Amino acid sequence: QVQLVESGGGLVQPGGSRRLSCAASGSISSINAMGWYRQAPGKQRELVARITSSGNSYIVDSVKGRFTISRDNAKNTVYLQMNSLKPEDTAVYYCNAVIQVPDSGYKDNWGQGTQVIVSS
């Protein structure tokens, strides 16, 4: 079974920075797109950033210019660099990856989430 494990969350002051990491492990043949979603209290989950295997990336307008997504294919890891954090960025951040396992097609996978709280 494929597992995604996020790390890097925690408490950060407004204007500060954090880097989230998500490492995929298990029986993996290949990984297509990887990305980050977040869910704030009382709100629906939203896509924050996504990066394809070919390097094309998407950043939601609300964080564009502040967040950057990247990936290390050798480590099966995706990162989210978050700068100039605002209180409205407070949410649980979830890693997502489209992964092919041996003798199977691509499947959508999710991590358990890591909490980011932006507060003074």
Side-chain angles (χ1 to χ4, degrees):
Q1 186 64 254
V2 173
Q3 185 178 31
L4 301 179
V5 179
E6 303 102 331
S7 62
L11 178 65
V12 59
Q13 293 184 335
S17 298
R18 300 285 287 197
R19 189 176 79 154
L20 306 183
S21 299
C22 172
S25 62
S27 183
I28 299 172
S29 294
S30 63
I31 302 178
N32 197 344
M34 305 185 79
W36 293 92
Y37 291 72
R38 69 184 181 185
Q39 187 167 14
K43 295 186 177 181
Q44 293 277 15
R45 183 185 64 183
E46 66 169 343
L47 175 64
V48 178
R50 174 176 48 83
I51 184 167
T52 69
S53 59
S54 61
N56 294 321
S57 63
Y58 164 85
I59 305 290
V60 70
D61 286 344
S62 60
V63 304
K64 193 173 297 181
R66 299 188 296 118
F67 290 13
T68 302
I69 188 169
S70 62
R71 62 191 286 174
D72 185 336
N73 291 327
K75 297 181 179 180
N76 290 332
T77 299
V78 63
Y79 305 94
L80 185 67
Q81 178 66 47
M82 305 185 295
N83 299 324
S84 301
L85 283 162
K86 304 175 180 179
E88 50 263 46
D89 296 319
T90 296
V92 177
Y93 285 73
Y94 297 92
C95 178
N96 171 261
V98 181
I99 299 175
Q100 184 183 40
V101 300
D103 301 317
S104 184
Y106 285 96
K107 300 294 181 182
D108 212 32
N109 295 270
W110 293 91
Q112 294 298 309
T114 184
Q115 188 174 45
V116 175
I117 300 176
V118 184
S119 176
S120 59

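Because the structure is a prediction, the values reported are computed rather than measured. Throughout, residue positions are numbered sequentially from 1 according to the sequence presented.
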K.L.:
Do Ile99 and Asn76 touch side chain to side chain, with heavy atoms closer than 4.5 Å?
P.N.:
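Contact flag for Ile99/Asn76 side chains = no.
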
K.L.:
Measure the CD1-CG distance between Ile59 and Leu80 for me, rounded to the nearest 0.5 Å.
P.N.:
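The CG atom of Leu80 is 7.0 Å from CD1 of Ile59, to the nearest 0.5 Å.
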
K.L.:
Say whether, by atom type as modelled, one donor and one acceptor occur between the side chain of Arg18 and the main chain of Gly9 under 3.5 angstrom.
P.N.:
yes

K.L.:
Between Val48 and Tyr94, is there shared hydrophobic-cluster membership here, with clusters defined by ILVMFWY side-chain heavy atoms closer than 4.5 Å?
P.N.:
yes

K.L.:
Side-chain donor-acceptor contacts of residues 26-35 below 3.5 Å, not counting sequence neighbours, with atom names and distances?
P.N.:
unit_1	atom_1	unit_2	atom_2	d
Ser30	OG	Gln100	OE1	3.2
Ser30	OG	Tyr106	OH	2.8

K.L.:
Report yes if some heavy atom in the side chain of Ser119 is under 4.5 Å from a heavy atom in the side chain of Leu11; otherwise report no.
P.N.:
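Yes, side chains in contact.
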
K.L.:
If you count heavy atoms of other groups shown closer than 6.0 angstrom to CD of Gln112, is the number above 12?
P.N.:
no

K.L.:
Report the distance from atom CG of Asn109 to atom SG of Cys95, rounding to the nearest 0.5 Å.
P.N.:
9.0 Å

K.L.:
State plainly whether one hydrophobic cluster holds both Val12 and Ile117, where clusters connect Ile, Leu, Val, Met, Phe, Trp and Tyr through side-chain heavy atoms under 4.5 angstrom apart.
P.N.:
no

K.L.:
Do you know the tightest heavy-atom contact between Ser57 and Ile69?
P.N.:
CB-CG2, 3.9 Å

K.L.:
Is a side-chain donor or acceptor of Asn73 paired with a backbone partner of Arg71 at a separation under 3.5 angstrom?
P.N.:
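Checking the backbone N and O of Arg71 against the side chain of Asn73, no donor-acceptor pair under 3.5 Å is found.
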
K.L.:
To the nearest 0.5 Å, how far apart are OG in Ser21 and CD in Gln81?
P.N.:
9.5 Å

K.L.:
Would you say that Thr52 contacts Arg50 through its side chain, given a criterion of any heavy-atom pair below 4.5 Å between the two side chains?
P.N.:
yes

K.L.:
Salt bridge or not between Asp61 and Lys64? Use side-chain N to carboxylate O under 4.0 Å.
P.N.:
yes

